**Student:** 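Supplied in structure tokens, the structure appears directly below.
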Amino acid sequence: MATWSNFNFQNSASPLMEQIIFFHDHTLIILIITTILVSYLMMSLFFNKYINRFLMESQMIELIWTILPAITLIFIALPSLRLLYLLDELNNPLITLKSIGHQWYWSYEYSDFNNVEFDSYMIQFENNNNFRLLDVDNRIVLPMNNQIRILITATDVIHSWTVPSLGVKVDANPGRLNQTSFFINRPGIFFGQCSEICGANHSFMPIVIESISIKNFINWINNYS
Ligand code: CUA
């Protein structure tokens with residue numbers, strides 16, 4: 001989970017988030033190189049005394065500074081496109097979770113099983129025993145090392161089901177059903193928050209996922225009352 005003054009991504013808990021972090025680092029390096037190069041060129045333009053009264057144009061340098069940025073952009077565009085299609089892919093999900101946004105809480109349905117559905121409200125922070133502003137009364141339980149499909153919708157206004165460590169951020173629209181999928185590759189508790197400004201208590205509808213082994217998941221779903 002995110003802790004105080006963390007300026008980086010949270011640790012990834014899914015292969016897709018790992019890819020997103022790789023792409024971010026790759027793009028950031030290109031950005032830093034470009035910034036350094038351009039600053040150096042601007043500095044050396046200011047601090048020199050080379051003067052050429054007859055220089056009005058130069059086809060060659062214009063050709064170079066048009067083509068160079070174009071090539072640089074391709075190096076960002078192609079990996080970006082690859083990532084976009086990877087994120088959109090559904091690979092035979094084992095289970096489906098439906099999450100419904102409300103003002104101001106989430107509710108969940110495990111449609112593969114009989115009547116497993118519950119509301120998930122934020123709970124009060126008490127004696128350092130839970131996570132302040134991030135914990136809920138009923139957590140999502142999901143099996144790790146399995147492809148999971150998630151269907152996202154809302155009943156009132158637009159919400160957004162966002163869990164950074166899984167690389168998921170999908171809007172919950174009333175009257176629409178959005179779909180995405182992810183693969184949790186380790187056990188743990190993963191936190192998310194709504195990320196569409198959905199009203200007065202927008203900040204108070206967190207998402208909590210407990211990632212456990214498939215054996216324990218089956219046990220949980222069997223004993224669900
Ligand atoms: Cu729901 Cu912001």
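We number each residue from 1, following the sequence as shown. Atoms within each ligand, like the ligands themselves, are counted from 1 in listed order. A quick note: this is a predicted structure, and the numbers were derived from the prediction, not measured.
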**Student:** So which of the N, O or S atoms of Glu196 lies nearest atom 2 (Cu) of ligand 1?
**Tutor:**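 The Glu196 atom nearest to atom 2 (Cu) of ligand 1, restricting to N, O or S, is O.
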**Student:** Just checking, is any N or O donor in the side chain of Ser160 or Asp171 under 3.5 Å from an acceptor N or O on the other one?
**Tutor:** yes
**Student:** Please confirm if an N, O or S atom belonging to Cys198, backbone or side chain, lies less than 2.8 Å from atom 1 (Cu) of ligand 1.
**Tutor:**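 It does; at least one qualifying atom falls short of 2.8 Å.
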**Student:** Can you see which heavy atom on Thr162 is nearest to which on Ile207, and at what distance?
**Tutor:** N-CD1, 3.6 Å
**Student:** Let me check your reading of the structure: within less than 2.8 Å of atom 1 (Cu) of ligand 1, is there an N/O/S atom from Ser195?
**Tutor:**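 No, outside the cut-off.
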**Student:** Heavy atoms only: give me the nearest Asn130-Gln124 pair and the separation to one decimal.
**Tutor:** ND2-O, 2.9 Å
**Student:** Considering just N/O/S atoms, say which atom of His159 is closest to atom 1 (Cu) of ligand 1.
**Tutor:** ND1
**Student:** On the 0 to 90° scale, with breaks at 30° and 60°, tag the Tyr105-Tyr121 ring pair as parallel, tilted or perpendicular.
**Tutor:**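 Tyr105 vs Tyr121 ring planes: parallel.
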**Student:** By atom name, which N, O or S atom belonging to His202 lies closest to atom 2 (Cu) of ligand 1?
**Tutor:**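 The nearest such atom is ND1.
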**Student:** Whether the side chain of Tyr110 engages the backbone of Val141 through a donor-acceptor N/O pair (distance < 3.5 Å, no angle test) should be reported.
**Tutor:** yes
